Amino acid sequence: DGGITQSPKYLFRKEGQNVTLSCEQNLNHDAMYWYRQDPGQGLRLIYYSQIVNDFQKGDIAEGYSVSREKKESFPLTVTSAQKNPTAFYLCASSERDLTDTQYFGPGTRLTVL
Amino acid sequence: DQQVKQNSPSLSVQEGRISILNCDYTNSMFDYFLWYKKYPAEGPTFLISISSIKDKNEDGRFTVFLNKSAKHLSLHIVPSQPGDSAVYFCAAWNSGYSTLTFGKGTMLLVSP
């Protein structure tokens, strides 16, 4: 089955700790994305990557970091510098770039206590 | 086959006037629509969204209108400012398939 997996589904962390959210795809897509969703808001882009070892900041990159060492993996680290990290995080991938249809994983709900 | 179409690649407007950016879609399963703005060498910035159960959403100078029967949405910017000059992308969300489909974008140029 092809698709995008995100783990874990729910994550709790203490304030001041870094946490890494996993995203894996087996669709052979070049591009991968991280979005954040807050109540009443649209999807806001955190980081995106169109090719291995390269990524660009999105709308709200401050307090986040990413890596793209493999085509199929795009982990997101929420650092202690992120002022309001509690949110629903969605990972997506598309064949080449932003204007190709993006397919989303099930999301990770992060709660910082 | 493009499911989200922005048929105008570019639009020029004078400062202070209204900018109207249009977007058409073909898939009636889309249930949420978003507009993003993108400056050169930067990632897209979320602007405004609308659920398919509404026909209008307003946020400051930005208003999005949705006409479901025509499968058409538009973004109005009033008044337009030179800092609004950017590429605007329309995107449509299909919750059944968890997909987000972007249009190809419209470049807006607001001249002083």
Side-chain angles (χ1 to χ4, degrees), chain A residues 1-6 9 23 25 27 29 31-51 54-66 68 74 76 87-108, chain B residues 1-7 9 23 25-27 29-54 57-60 62-64 66 73 75 86-107:
Chain A
D1 264 303
I4 302 176
T5 54
Q6 288 184 246
K9 194 169 180 179
C23 178
Q25 55 100 358
L27 300 167
H29 284 171
M32 295 186 76
Y33 313 83
W34 274 105
Y35 291 87
R36 171 182 169 142
Q37 188 173 39
D38 294 284
Q41 295 251 12
L43 295 170
R44 290 187 292 168
L45 185 65
I46 305 172
Y47 266 100
Y48 65 107
S49 166
Q50 291 188 208
I51 196 167
D54 189 39
F55 44 83
Q56 291 78 40
K57 291 182 180 180
D59 203 346
I60 50 164
E62 190 174 341
Y64 298 97
S65 67
V66 292
R68 188 91 187 272
F74 192 40
L76 173 75
F88 188 54
Y89 290 87
L90 285 160
C91 177
S93 71
S94 69
E95 197 168 336
R96 287 179 309 267
D97 62 29
L98 190 74
T99 60
D100 291 317
T101 296
Q102 296 177 32
Y103 295 83
F104 282 72
T108 292
Chain B
D1 184 31
Q2 260 190 286
Q3 295 187 62
V4 177
K5 296 178 189 176
Q6 292 178 257
N7 291 320
C23 180
Y25 61 95
T26 57
N27 189 345
M29 300 301 291
F30 289 140
D31 46 13
Y32 204 78
F33 301 91
L34 308 94
W35 283 93
Y36 291 83
K37 174 168 111 172
K38 187 181 182 304
Y39 293 115
E42 291 184 15
T45 302
F46 168 72
L47 267 180
I48 192 169
S49 61
I50 188 167
S51 164
S52 61
I53 61 171
K54 296 191 173 180
N57 188 24
E58 195 171 347
D59 184 3
F62 301 92
T63 303
V64 57
L66 175 63
L73 64 154
L75 174 69
V87 178
Y88 288 78
F89 291 93
C90 166
W93 172 259
N94 181 334
S95 59
Y97 288 91
S98 293
T99 60
L100 184 68
T101 304
F102 278 74
K104 298 295 184 190
T106 296
M107 180 178 292

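Because the structure is predicted, anything quoted here is derived from the model rather than measured. Order of the sequence lines sets the chain letters (A, B, ...), proteins ahead of strands, with each chain counted from 1.
Counting heavy-atom pairs closer than 4.5 Å to chain B, the top residue among A:L45, A:I60, A:D59 is A:D59.
Using a 4.5 Å cut-off between heavy atoms, A:Y48 contacts chain B through its side chain alone, with no backbone atom that close. Contacts between B:K38 and chain A at a heavy-atom distance below 4.5 Å involve the side chain alone, from C-beta outward. With a 4.5 Å cut-off on non-hydrogen atoms, B:S49 touches chain A through its side chain but not through its backbone. Both the backbone and the side chain of A:L43 come within less than 4.5 Å of a heavy atom of chain B. For B:W93, the part sitting under 4.5 Å from any heavy atom of chain A is the side chain, from C-beta outward, and nothing else.
With sequence neighbours excluded, the residues forming a side chain to side chain contact (heavy atoms under 4.5 Å, CB included) with A:K57 are A:Y47, A:A61, listed by chain and number.
With ring centers used as reference points, A:F74 lies 6.0 Å or more from A:F55.
Atoms CG and CZ, from B:L100 and B:F30 in turn, are 8.5 Å apart once rounded to the nearest 0.5 Å.
Using modelled atom types, one finds a donor on one side chain and an acceptor on the other under 3.5 Å when comparing A:Y35 with A:Q102. Side-chain contact of B:Y39 with B:T45: a donor-acceptor pair under 3.5 Å is absent, judged by distance alone.
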